[in-house]
Amino acid sequence: MTVITRFAPSPTGYLHVGGARTALFSWLYAKKTKGEFVLRIEDTDRERSSEASVQAILDGMSWLGLDHDRGPIFQTDRFDRYEQVIQQLLDEGKAYRCYHSQQELDDMREQQKAKGDNPRYDGSCRNLSAYPEDKPHVIRFKNPLDASVVIDDLIRGHIEISNTELDDLIIARTDGTPTYNFTVVVDDLDMGITHVIRGDDHINNTPKQINILHALNAPIPKYAHVPMILGDDGKRLSKRHGAVGVMQYRDDGYLPQALLNYLVRLGWSNGDREIFSVDEMIDLFSLEAINKTPSAFNTKKLNWLNQHYMKTLPASEVAVHLNWHLVEQGINATNNAKKSAVIEALIPLYAERTETLKQLASQIRFMFEDFKEFDVKAAKKHLKITAGEALSTLKVSFESLVDWNEASIQNAIDETMTKLDIGMGKIGMPLRVAITGSGQSPGMDILCALLGKEATLARLDKALSFIEQRKLQAEQR
RNA sequence: GUCCCCAUCGUCUAGAGGCCUAGGACUCUUGGUUUUCAUCCAAGCAACAGGGGUUCGACUCCCCUUGGGGACACCA
């Protein structure tokens, strides 16, 4: 039997990390079993659903690389089918019309709560003598009155809920539109879903859905309820509470691979292993290894993974994502073979000292355009009057270089050190500030080589005149 | 209120009755490497919620308590 899983978000906002992880688990399981992954958009709530949200979900999925084999299927396209099934249930006496107004139901619940009872529909329309079709009504499913429903959850094991806890849920609203618990059942059935992998906030819906499935004489899929994700503060992650959209992570400079790796380890594990490529995830994944406990999102660990992937993924692959940030930050570094070679050379150098692509992009800006001003602290400390001699001597040495490369540059630096009898700190740091404008950077030899001779000399001049000016100011005082 | 689910370092987790003096990872601290900043390497801090059972033996099984989460919609 082919495994068919699905991800069924409702388009009421962006794709957040919790949803993304559920989608990932479903996707992985389908891939692992060489099954099928279906994307279904649950948009029966027309008031809250939006086109923009549909697009945001699609964008998030595609950025993560979670491709679907079928879909997206929209529930709003399937109203005819829902109506047909509702009619069938009505015909078979498994559902009935109910004429209570919303106000009456609210009052009923209110009273039950006041008495300390379970707030639920009392089933008083179950046995009416007549069911006029023209009078405003909803349609309710006749839930079994006794016995209990058993879920053999792949993650939680045996769960049993008594039918006396359940009431006759509404499957069609007054306007005739079907409701969630009903559409899910019809869809999962029609789409041949074999494994329902979803958040554990749906555990309570499962028995209702199973009862409807039974009424339809349908096979019961396997269920796997994955725990929720909590925020940094241990509170449940929700759209209102720190649940950042997946695309926000792209904007913040994370690689999809890093987010995927982070997400898969949230609630799932394979021994002590921390690093998983997508192929390895597929290979090692199993539903049984998913934890029962909710887990908290920890940005620090995500950062670590992100840096790990910036360092270890092929530079050409990182470059694809980095370029997006360069454009975003208005850094003119693309559309040029020479520049992309420089970028790829810069990636391993800077990946070691940044945690996100966003930071990386901003730190290599100096390579593609002149910086406006020196970092104040760095300039104060290293572009001192005494550094003038070192830089001007180095400049002469640089000018005479025929071959402009890492080795020759380092050689020139070494020679200058010997000549002036100074240490690396006295020349390396001034040079660093002169070239990059800041006090931290990778090795100066490689940086100068990548920057080019002409630009290097120009920056040296700039630093020299900065020092000159400083000297003048000092004399004036 | 009722029902359901959950419970190992701050966080993510390993642990399927003896392998546990509870392991790994992130974070943090300290040291080493390093021309800066990082990286890297080494070391350290740090947990089985509490109470009862079961058993020769419980982190592992059962019960209770406590704590957290979720659901009880004409939302999904």
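Heavy-atom basis, side chains included; hydrogens, waters and symmetry copies ignored.
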Would you tell me if any nitrogen or oxygen in the side chain of Ser438(A) comes within less than 4.0 Å of OP1 or OP2 on C37(B)? no

Quick one: which protein N/O atoms are closer than 3.5 Å to N/O atoms of nucleotides 5-10 of chain B? Pair and distance per line, please.
| unit_1 | atom_1 | unit_2 | atom_2 | d |
| --- | --- | --- | --- | --- |
| C5(B) | O2' | Arg156(A) | NH1 | 2.4 |

Please list every donor-acceptor pair under 3.5 Å in which a side-chain atom of residues 385-394 of chain A meets a protein atom from a residue at least two apart or in another chain.
| unit_1 | atom_1 | unit_2 | atom_2 | d |
| --- | --- | --- | --- | --- |
| Ser392(A) | OG | Gly388(A) | O | 2.9 |
| Ser392(A) | OG | Glu389(A) | O | 3.1 |
| Thr393(A) | OG1 | Glu389(A) | O | 2.6 |

Closest to the Ser295(A) side chain, choosing from U27(B), C12(B), G69(B): C12(B)

Test log, rule ring pair (Phe, Tyr, Trp, His ring centres under 6.0 Å), inputs Phe285(A) and Trp268(A): CA-CA 8 Å; Phe285(A) 188 74; Trp268(A) 176 82; 5.7 Å; yes

Of all residues at least two apart in sequence or in a different chain, which pass the side chain to side chain donor-acceptor pair (under 3.5 Å) check with Asp59(A)? Gln55(A)

Under 3.5 Å for both donor-acceptor distances, Watson-Crick or wobble: does G1(B) have a partner, and if so which one? C72(B)

Residue pair Leu105(A)/His382(A) against RNA chain B: nearer the 5' end by closest nucleotide is His382(A)

Please evaluate the base of A73(B) for a donor-acceptor partner in the side chain of Asp106(A) within a cut-off of under 3.5 Å? no

Check every atom of A71(B), A76(B), C74(B) against the side chain of Ser10(A) and return the nucleotide holding the closest atom. A76(B)

Check whether any side-chain N or O of Thr44(A) sits under 4.0 Å from OP1 or OP2 of A76(B), and answer yes or no. yes

Could you tell me whether the side chain of Arg353(A) has a donor or acceptor atom within less than 3.5 Å of a complementary atom in the base of C37(B)? yes

Contacts of His382(A) meeting side chain to side chain donor-acceptor pair (under 3.5 Å) (sequence neighbours excluded), chain-then-number -> none

Under 3.5 Å, N/O pairs linking protein and nucleotides 58-60 of chain B:
none

Sorted by chain and residue number, the ring-ring contact (aromatic ring centres under 6.0 Å, His included) partners of Tyr99(A) (sequence neighbours excluded) come out as His137(A)

Within the pair Arg109(A) and A73(B), is there a side-chain N or O less than 4.0 Å away from OP1 or OP2? yes

In short, ring-ring contact (aromatic ring centres under 6.0 Å, His included) pairs touching residues 142-183 of chain A with sequence neighbours left out are Tyr180(A)-His202(A)

For Arg21(A), the salt bridge (charged side-chain N to carboxylate O under 4.0 Å, His left out) test, sequence neighbours excluded, returns none

Could you state the atom-to-atom distance from NZ of Lys208(A) to P of C72(B) in whole Å? 6 Å

Between Ala289(A) and Lys311(A), who's closer to the 5' end of RNA chain B by nearest nucleotide? Ala289(A)

If the threshold is 4.0 Å, N to carboxylate O, is there a salt bridge linking Arg40(A) and Asp188(A)? yes

For the side-chain hydrogen bond (donor to acceptor under 3.5 Å, both in side chains) test, which of Asp167(A), Asn211(A), Asp168(A) pairs with Asn143(A)? Asn211(A)

Identify all side-chain donor-acceptor contacts of residues 433-445 of chain A below 3.5 Å with residues at least two apart in sequence or on another chain.
| unit_1 | atom_1 | unit_2 | atom_2 | d |
| --- | --- | --- | --- | --- |
| Thr436(A) | OG1 | Arg432(A) | O | 2.7 |
| Thr436(A) | OG1 | Ser438(A) | N | 3.1 |
| Thr436(A) | OG1 | Ser438(A) | O | 3.1 |
| Ser438(A) | OG | Gln440(A) | N | 3.3 |
| Ser438(A) | OG | Gln440(A) | O | 3.1 |
| Ser441(A) | OG | Arg432(A) | NE | 2.8 |

What residues form a salt bridge (charged side-chain N to carboxylate O under 4.0 Å, His left out) with Asp45(A), not counting sequence neighbours? Arg48(A)

Sequence neighbours left out, what passes ring-ring contact (aromatic ring centres under 6.0 Å, His included) with Phe371(A)? Give chain and number order. Phe374(A)

Out of A76(B), A25(B), U39(B), which nucleotide sits closest to the side chain of Gln307(A)? U39(B)

Measure distances between side-chain N and O atoms of Ser441(A) and base N and O atoms of C37(B), and say whether any donor-acceptor pair falls under 3.5 Å. no

Taking only N/O atoms, report every protein-nucleotides 17-21 of chain B pair under 3.5 Å with atom names and distance.
none

Length of the line joining Glu274(A):CD and U11(B):P, which is rounded to integer Å: 16 Å

Can you figure out which of A76(B), G24(B), C26(B) approaches the side chain of Asp45(A) most closely? A76(B)

